[in-house]
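Chain identifiers are assigned alphabetically (A, B, ...) following the order of the sequence lines, protein sequences preceding nucleic acid strands; residue numbering begins at 1 within each chain. What you see is a predicted model, and the numbers here were worked out from it, not measured in a lab.
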Amino acid sequence: MVVRTLRPRLVGERIRGVETSGLPLRAPINRKALERACVGARVDAVRRIGKYWLVDLSSHYVLLGHLGMTGRLVFADEDAPRAPHTHAIFQLRKGLELRYVDPRRFGVLRSYTAEEAPTSPELSVLGVDPLERDFTVDYLAAALQKSKRDLKAFLMDQSRVAGLGNIYVCEALWRAELSPKRRSDRAVKRAAALHDAIVGVLRDGIENRGTSFSDYVDAEGVAGGNQHALAVYGREKAACRRCGAALRRIVQAGRSTFFCARCQK
DNA sequence: AAACTCCCCTGATCGC
DNA sequence: TGCGATCAGGGGAGTT
C-alpha cells in the first residue's frame, strides 16, 4: 500500500539532500551512507519485497526501509511543520520533502548498492512474497510439510512467506477456515485454500488502502479503510460472520490471535 | 529446528 | 483527575 502511493509521486524525483534526527531506529541511521546513496540521484523505481520497501536510485544504490509498527512515509511542503518523531527527511524538488515518521522507532532505513541489496541481512532471509508469481500452491504445500509449528507461527515467519503480519495472518486463517493452532504439516491438504486466502486478504488490504488504526494515513494523507473489512482481528467476543459463534482471543508466541473456534479447524 | 523470554520504544487506554 | 499496568500493526538476540 505504501509503495503504491509512493511510486507515482516519487519516481522521477531527484533527491537533493537528506536530514536525520540522530535517534536510532532498530539500528542507527547512517546519514553519511544515505547521503552517498541519495544526494544528486534520481528515483528510478519503487518496489516492495515482503514488508520492506525499496527505492532504486540512478546512483546505483538502493534505499531499503521497513515501517515497523508505527512508521509512516509522508510527502510534505518543506515549510510545513514536522510531525513529532520525524527521523529522516529526503529533500526532493524545490519545496517538496519525503519524511519518515516513526514514534516507536522499530523501523529500518538504510542503503545498499544494487548488488548488495538482495544478499543483505534484511532481504536474504525472506521467503516468497505472496503477490509474486512464485508463490504457488505447491510452494506453500512444500513449506507447510516441512514445518511442525502451528499455522500462526508459520505464517508470521517471514522466511517462509514474506509480508504477512499479525492482522493478515489472523484474517487469512479465518478465510481458509483453518485453526491457528493446527500444525503446519497437518494442513498440507488445505494448502490451496490457505494460498487463496493469503492472496485474497492482501489484495483486499491494498484495495482498501491499507489497514488504519487511530490516525494512520498513507503518503497521500489518506486514511486506509481496511480495518472495517476485518473479520476477526480485534473482534474478541463479537459474532463470527460465518457461523455466529463468539470469536476468541488467545496468545501465541506472545502475540494476540483472533479466531473462530467453531468454524476454524 | 523450534519454542521460550526479554528487549527495543512511544502512546493510547483501562482499572483503580 | 492522576497514575501505574497493559497492550499495540514487528523483529532480533539469547537461552533452552
Side-chain angles (χ1 to χ4, degrees), chain A residues 1-3 20-29 48-53 64-73 82-88 100-110 120-127 129 142-174 180-187 198 201-202 204-206 208-219 223-237 249-258:
Chain A
M1 191 57 238
V2 170
V3 164
T20 54
S21 68
L23 289 175
L25 304 179
R26 246 163 38 207
I29 298 176
R48 180 188 64 79
I49 302 179
K51 296 177 186 175
Y52 289 92
W53 49 269
L64 177 68
H66 190 301
L67 299 178
M69 289 169 92
T70 52
R72 284 156 44 193
L73 285 164
R82 291 174 187 177
H85 312 294
T86 297
H87 298 299
Y100 178 73
V101 181
D102 187 0
R104 288 177 74 180
R105 291 190 271 128
F106 289 168
V108 171
L109 183 60
R110 54 176 310 174
S120 64
E122 291 86 359
L123 299 183
S124 64
V125 298
L126 295 184
D129 186 296
L144 286 167
Q145 181 67 62
K146 283 183 223 160
S147 175
K148 292 180 167 60
R149 309 171 76 183
D150 60 43
L151 285 171
K152 173 73 189 295
F154 173 87
L155 292 176
M156 291 293 284
D157 182 349
Q158 304 296 301
S159 74
R160 310 294 173 185
V161 178
L164 297 174
N166 204 20
I167 296 176
Y168 291 124
V169 166
C170 292
E171 295 297 315
L173 289 171
W174 181 82
K181 296 187 280 190
R182 185 196 280 237
R183 264 175 58 152
S184 301
D185 60 356
R186 292 183 186 154
I198 290 168
V201 295
L202 287 178
D204 289 357
I206 290 170
N208 290 321
R209 300 190 66 108
T211 305
S212 301
F213 287 88
S214 60
D215 61 347
Y216 174 83
V217 289
D218 64 25
N226 201 51
Q227 64 277 23
H228 304 303
L230 300 181
V232 286
Y233 189 86
R235 300 191 65 236
E236 182 183 15
K237 295 178 182 164
R249 173 184 174 274
I250 59 173
V251 174
Q252 291 176 292
R255 312 285 299 272
S256 287
T257 298
F258 297 89

What is the separation between atom CZ on A/R105 and atom C1' on B/dG11, rounded to the nearest whole Å?
13 Å

What nucleotide among C/dG12, B/dA2, C/dG9 has an atom nearest to a side-chain atom of A/Y52?
C/dG12

Could a donor-acceptor pair under 3.5 angstrom be found where the side chain of A/R104 meets the base of B/dC9?
yes

Grab the CD-P distance between A/E122 and C/dG11 for me, whole Å please.
12 Å

Is the shortest side-chain heavy-atom distance between A/R249 and A/V251 below 4.5 Å?
yes

Holding to side-chain hydrogen bond (donor to acceptor under 3.5 Å, both in side chains), I want the full list of residues that pass it with A/E122, two or more places apart in sequence or in another chain.
A/Y112

Please state how far atom NE2 in A/H66 lies from atom C1' in B/dC8, giving the value in whole angstrom units.
14 Å

N or O in side chain of A/Q158 less than 4.0 angstrom from C/dG11 OP1/OP2:
yes

How many whole angstroms separate atom CZ of A/R72 from atom P of C/dG10?
17 Å

By nearest heavy atom, map A/G254 and A/D157 onto DNA chain B; which one lands nearer the 5' end?
A/D157

Nearest-nucleotide comparison on DNA chain C, the residue closer to the 5′ end among A/T70 and A/P121:
A/T70

Indicate yes or no: at least one non-hydrogen side-chain atom of A/Q158 is less than 4.5 angstrom from one of A/L126.
yes

Look at the side chain of A/R249 and decide which nucleotide, out of C/dG10, C/dC7, B/dG11, has an atom nearest to it.
C/dC7

Mind jotting down which residue pairs meet the salt bridge (Lys or Arg N to Asp or Glu O under 4.0 Å) criterion with at least one end in residues 163-174 of chain A? Sequence neighbours excluded, please.
none

Counting only heavy atoms not in A/R183 (residues, nucleotides, ligands), do more than 12 fall under 6.0 Å from its CZ?
yes

How far does the C1' atom of B/dC4 sit from the matching atom of C/dG9, given to the nearest Å?
23 Å

Measuring to OP1 and OP2 of B/dA2, would you say a side-chain N or O of A/K148 lies under 4.0 angstrom away?
no

Separation of B/dA2 P from A/M156 CE (nearest whole Å):
16 Å

Got A/V201 and A/V169 here, is their nearest side-chain heavy-atom distance under 4.5 Å?
no

Measure CZ/A/R183 against C1'/B/dA1 and give the value in whole Å, please.
13 Å

My validator wants the stems of DNA chain B: runs of 3 or more consecutive Watson-Crick or G-U pairs, both distances under 3.5 Å, written as range with range.
B:2-8 with C:10-16, B:10-16 with C:2-8

Could you measure between the two P atoms, the one in B/dT5 and the one in C/dT6, and give it in whole Å?
15 Å

Winner on side-chain proximity to A/H85, out of B/dA2, B/dG11, C/dA8, is B/dG11

Between A/Q252 and A/P180, is any pair of side-chain heavy atoms under 4.5 Å apart?
yes

Result for 5'-nearest mapping on DNA chain B, choosing between A/R160 and A/P103, is A/R160

Between CG of A/L25 and C1' of B/dC8 the distance, given in whole Å, is 11 Å

Of all the choices, B/dC9, C/dG11, C/dG9, which nucleotide is nearest to the side chain of A/R26 once you look at every atom?
C/dG11

Fit a plane to each ring of A/Y100 and A/W53, take the angle between them on a 0 to 90° scale, and name the class: parallel (under 30°), tilted (30 to 60°) or perpendicular (over 60°).
tilted

Can you tell me how far P of C/dG11 sits from NZ of A/K152, to the nearest Å?
12 Å

Tell me whether A/F106 is stacked on the nucleobase of B/dC8, counting only the six-membered base ring and applying the 5.5 Å and 30° thresholds.
yes

A/S147 side-chain proximity, nearest of C/dA8, B/dA2, C/dG10
B/dA2

